[in-house]
Amino acid sequence: MSFWKWLARRRQQTATPFVAWKPAQPAFPAIVDDRERLPDAPYLLPKDAQEQSRLNFQHRCLYSAIGNHYLVPLRPDVTTILDVGTGTGIWPVDMARLFPHAHIVGVDISAAALEYTSSSAYTFCLANVLKGLPFPDQQFEYVHQRLLVAAIPAANWASVIHELVRVTRPGGWVELLEVGATIQQAGKKTTQLLDWMTGISQERGFDMRILPQLGEMLAQEGLEAIEYHDIPVPLGDWAGHVGAMLKADILSAFDAIKGSYCAQANMPLEHFEAMVKLVAQEWEVHHASYVFHTAYGRRGQKA
Amino acid sequence: MNTPSPLLLNREQAERLLLYIQVYRRSALISMPSTQERNTTLRLVQSLQGKLLSLCVQESVPQVYLPLSREEGTALKAMAKNLLLHYGQKPDSSDRTMTVTDVGQLYVYLKQTYR
């Protein structure tokens, strides 16, 4: 049965309209691929060597796409920086070269992906932002968090942002960068795939529709001078080097999550893989762009 | 090689320059293709924004002295040129005329200083 017929049959079987689904308790169904995952965290992506590679590649891809490793207007002699969800640790390492006066702390729920050891310029430690950050109030001049949409359930976003602001110094910056399910010039098959993935994510408590509200969430925590941008990045070989890099990264990310999604939907992996092949062709024809959502703001001086 | 002249700005000029940088960065990220040239200009302008913000924090200081490297001057020049195109596309109004005049003056100064 083709993916499209399977999707149509599943839609007929679903009694509740898409928008009325309530997120179920994360079920962590049996994984059908051989990727290593965190057993006790609601994290959709694997934590293995292949994912490490992808994260490092993604880091380079983002740099090409948005022109820098960070977006806030940092003063050159910034001294304390926090990276939440540091993954391989590549971001703190590259930032340490840009800001030699700074000490950068990278935290992650798992050390499995870390590729660097702590040094005088950066320190890595374990922390689960969903349970709170292990730092005193007002510790950092700059708090950075990116691409944790697959790690933070929708119900936790407000408390996570509260934590990020809590550990930020007055006058300091908080920056968020995320990518969800918004592709411009998407094409029919891409739209269907993204709608399906959004639905599956929602069943596990994740909601990518929250991402355009990042700026508002920062404002609700009292941050000032908030900038919010939807940055479209070309997706596909049609756009040259940057587009080809992003396409490779997104396809790799789809490959990383297919185990979780297909297990939950009881769908054979081959169906998902065939569908992804088709949507990737669509990106080339339609000249698609993937939208990155970014928001940053400053804690008041007297906060 | 002569050191380029720094920018000496009163507070109002500094605030306006910060606004122009913000407008440029927004526009460049959202609507300009990600080329090496765009990214280099963006990085330099972002860095200048950080420096200028930290200088403006001291409210008692009436003037801001912003040293610029040749590279930074060139980036500001590219930014000003892009902003002239950006504002030039806006509907005609007295505010737009004032902004275009202001950015134009900045562009001319930078063009003369950072050849």
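So you know, we letter chains A, B, ... as the sequences are listed, proteins then strands, and number each from 1. Everything numeric here is computed off the predicted structure, so don't read it as measured data.
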A quick test of your reading: do over 12 heavy atoms of other residues, nucleotides or ligands sit less than 6.0 Å from CD of B:E37?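 No, not enclosed.
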
Does atom CD of B:E71 have more than 12 heavy-atom neighbours, drawn from other residues, nucleotides or ligands, at distances under 6.0 Å?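 Open.
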
Portion of [X] that has a non-hydrogen atom of chain B nearer than 4.5 angstrom:
{"X": "A:L74", "result": "backbone"}
{"X": "A:D77", "result": "neither"}
{"X": "A:L98", "result": "neither"}
{"X": "A:V233", "result": "neither"}

For B:L29, is it the side chain, the backbone, both, or neither that has a heavy atom closer than 4.5 Å to a heavy atom of chain A?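 For B:L29, heavy atoms of backbone and side chain both lie under 4.5 Å from chain A.
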
Counting only heavy atoms closer than 4.5 Å, note whether B:I30 contacts chain A via side chain, backbone, both or neither.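 When you check distances to chain A, atoms from both the backbone and side chain of B:I30 fall under 4.5 Å.
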
On a heavy-atom basis, which atom in [X] and which in [Y] lie closest, and how many Å separate them?
{"X": "A:A65", "Y": "B:S34", "answer": "O-OG, 3.3 Å"}
{"X": "A:R298", "Y": "B:L53", "answer": "NH1-CD2, 3.9 Å"}
{"X": "B:N39", "Y": "A:Y63", "answer": "ND2-O, 4.2 Å"}
{"X": "A:R75", "Y": "B:S54", "answer": "CB-CB, 3.9 Å"}

Within the side chain of B:R25, is there an N or O that forms a donor-acceptor pair under 3.5 Å with the backbone of A:L71?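 Here the side-chain-to-backbone pair exists.
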
Under a 3.5 Å distance rule, please check whether B:R43 uses its side chain to pair with a backbone N or O of A:G67 as donor and acceptor.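 Checked: pair present.
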
Among B:Q46, B:Q49, B:K51, single out the residue with the greatest number of heavy-atom pairs under 4.5 Å to chain A.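 Sorted descending by pairs with chain A, the first entry is B:Q46.
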
